[in-house]
2 protein chains.
Amino acid sequence: MNKGENFHPVWWRNHLRGYGYRITIARQAILDVLSKTEDHLSAEDIFFAVYKKHPNIGLTTVYRTLELFVQMGLIYKFDFGDGRSRYELMGGPKGKEHHHHLVCTECGRVVDYTDFIDDELELLRRTEKELSKKYNFEIKGHLIQFYGLCESCRKKKEKIIE
Amino acid sequence: MNKGENFHPVWWRNHLRGYGYRITIARQAILDVLSKTEDHLSAEDIFFAVYKKHPNIGLTTVYRTLELFVQMGLIYKFDFGDGRSRYELMGGPKGKEHHHHLVCTECGRVVDYTDFIDDELELLRRTEKELSKKYNFEIKGHLIQFYGLCESCRKKKEKIIE
DNA sequence: AATGTTAATGAAAACCATTTTCAATAAGGT
DNA sequence: ACCTTATTGAAAATGGTTTTCATTAACATT
């Protein structure tokens, strides 16, 4: 952030280097976008956001980079059911706290919630432990999502019925 | 099942009729396939299974029927991350008991588990209640999945490292 | 700072699960 | 048996993602 450097925290640069990957403009730009948003961006969203400063970076590179980051565990990839994947920065210095999602099946709105996360995580840990023993799985992660109708979509439906 | 009738439990026929839909060969055949499998079938899997007895039923119809059944709440649609959707009969006379999934990210194997389902469901109900109040959502469902490596995939990886 | 090796990239084409179109068919009430 | 209209099949379209391949750029070495 200082001495004229671009925004590129040490942690993920080391992460990249540690895995033997190169630090490129595209990778910096993509992580930059992800670290500055509260939204759940699709590959195309990220492409457009990156495009503003780097119109030479292609959508293909965005896909490849996201795939790489997912493999490295730098970002999460989610499917909220609208036919495209969404990406979110994982924990770490610039990452948000652990949360789960509440998805409106009508308009696609996604709410990040952290309520009860502790209870959930405790149960998950217990369940993980037992499942890995019983089914011989090495468990790496979990997915919890709730689906429903958000307030405005609910109201729209009520109006139609009236 | 008796009197020479095909396999077509009353419950889903009424379900269909109740929604004003017609009972067709294709719909019978597709539900029949879903009710007789323990696997997590894709649309194509179902198409092939149906094809054996009804080579005239097209893949398009399979997709359309599955979509309809999902809307009606007769079946569940899952995404295990391999690029195609998987379908499962919901609860009901012929449905399996409520369960969650354990997915191997390497080979795609899916284990249905019911362990701790009660604890999970209790927590889910509590969480749902609070979330719907706090975020004004009408919650319709949830998704819980664990991801990891199954035993054989883990062993394969160990071999490569050696 | 110049050079060499090789990973990374962009553009275009390919891929592939799913959806749409549209004319033909069949479910089920009359 | 007939009529209305939902349902269907085949083929084409769609659209997110991946692959191909020649070019470019990271960065270790000199």
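Lettering of chains follows the sequences in order, A, B, ..., and the numbering in each one begins at 1. Reckoned from all heavy atoms, side chains included, excluding hydrogens, waters and symmetry mates.
- Ion pair B:Glu138/B:Lys140 flagged as a salt bridge, since at least one NZ, NE, NH1 or NH2 atom sits closer than 4.0 Å to an Asp/Glu carboxylate oxygen.
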Exercise for the section: Give the B/S/- string for nucleotides 11-23 of chain D, one per nucleotide from 5' to 3', where a protein heavy atom under 4.0 Å of the base yields B, of only the sugar-phosphate yields S, and otherwise -. Expected result: B----SBBBB---

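- Salt-bridge check for A:Glu106 with A:Arg154: failed, with every basic side-chain N at 4.0 Å or more from each acidic carboxylate O.
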Practice task
With side chain to side chain contact (heavy atoms under 4.5 Å, CB included) as the test, would you mind laying out the steps for A:Glu151 and B:Phe137 before giving the verdict?
Solution key: CA-CA 6 Å; A:Glu151 192 172 10; B:Phe137 262 67; over 6 Å; no

Problem - Worked verdict on B:Asp119 versus B:Glu122 for side chain to side chain contact (heavy atoms under 4.5 Å, CB included) - result: CA-CA 5 Å; B:Asp119 283 353; B:Glu122 204 237 41; 5.8 Å; no

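- When the P atom of D:dA6 is taken as reference, atom OH of B:Tyr19 falls 18 Å away, rounded to whole Å.
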What does the list of N/O pairs under 3.5 Å between the protein and nucleotides 23-25 of chain C look like, with a distance for each?
none

Handout entry: side chain to side chain contact (heavy atoms under 4.5 Å, CB included) evaluation trace for B:Leu143 with A:Ile144
Key = CA-CA 6 Å; B:Leu143 174 67; A:Ile144 294 194; over 6 Å; no

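- Per the geometry, CG belonging to B:Leu66 stands 15 Å off P belonging to D:dT7, to the nearest Å.
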Using a 3.5 Å cut-off and no angle test, enumerate the donor-acceptor pairs between side-chain atoms of residues 46-61 of chain B and protein atoms at least two apart in sequence or in another chain.
none

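- Residues A:Glu88 and A:His40 have side chains that bring a donor and an acceptor to within less than 3.5 angstrom of each other.
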Nucleotide N/O of nucleotides 26-30 of chain D paired with protein N/O under 3.5 Å:
| residue | atom | partner | partner atom | Å |
| --- | --- | --- | --- | --- |
| D:dA26 | N3 | A:Arg22 | NH1 | 3.1 |
| D:dC27 | OP1 | A:Ile23 | N | 2.8 |

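- With the 3.5 Å cutoff on both pairing distances, Watson-Crick and G-U pairs in DNA chain C assemble into runs of at least 3 at C:1-30 with D:1-30.
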Practice task
I would like to know whether A:His101 and A:Val111 meet side chain to side chain contact (heavy atoms under 4.5 Å, CB included); could you show each step before the answer?
Solution key: CA-CA 6 Å; A:His101 296 116; A:Val111 172; over 6 Å; no

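- The stretch residues 47-57 of chain B does not touch DNA chain C, since none of its heavy atoms comes less than 4.0 Å from the strand.
- A salt bridge does not link A:Asp79 to A:Arg84: none of the charged nitrogens lies less than 4.0 Å from a carboxylate oxygen.
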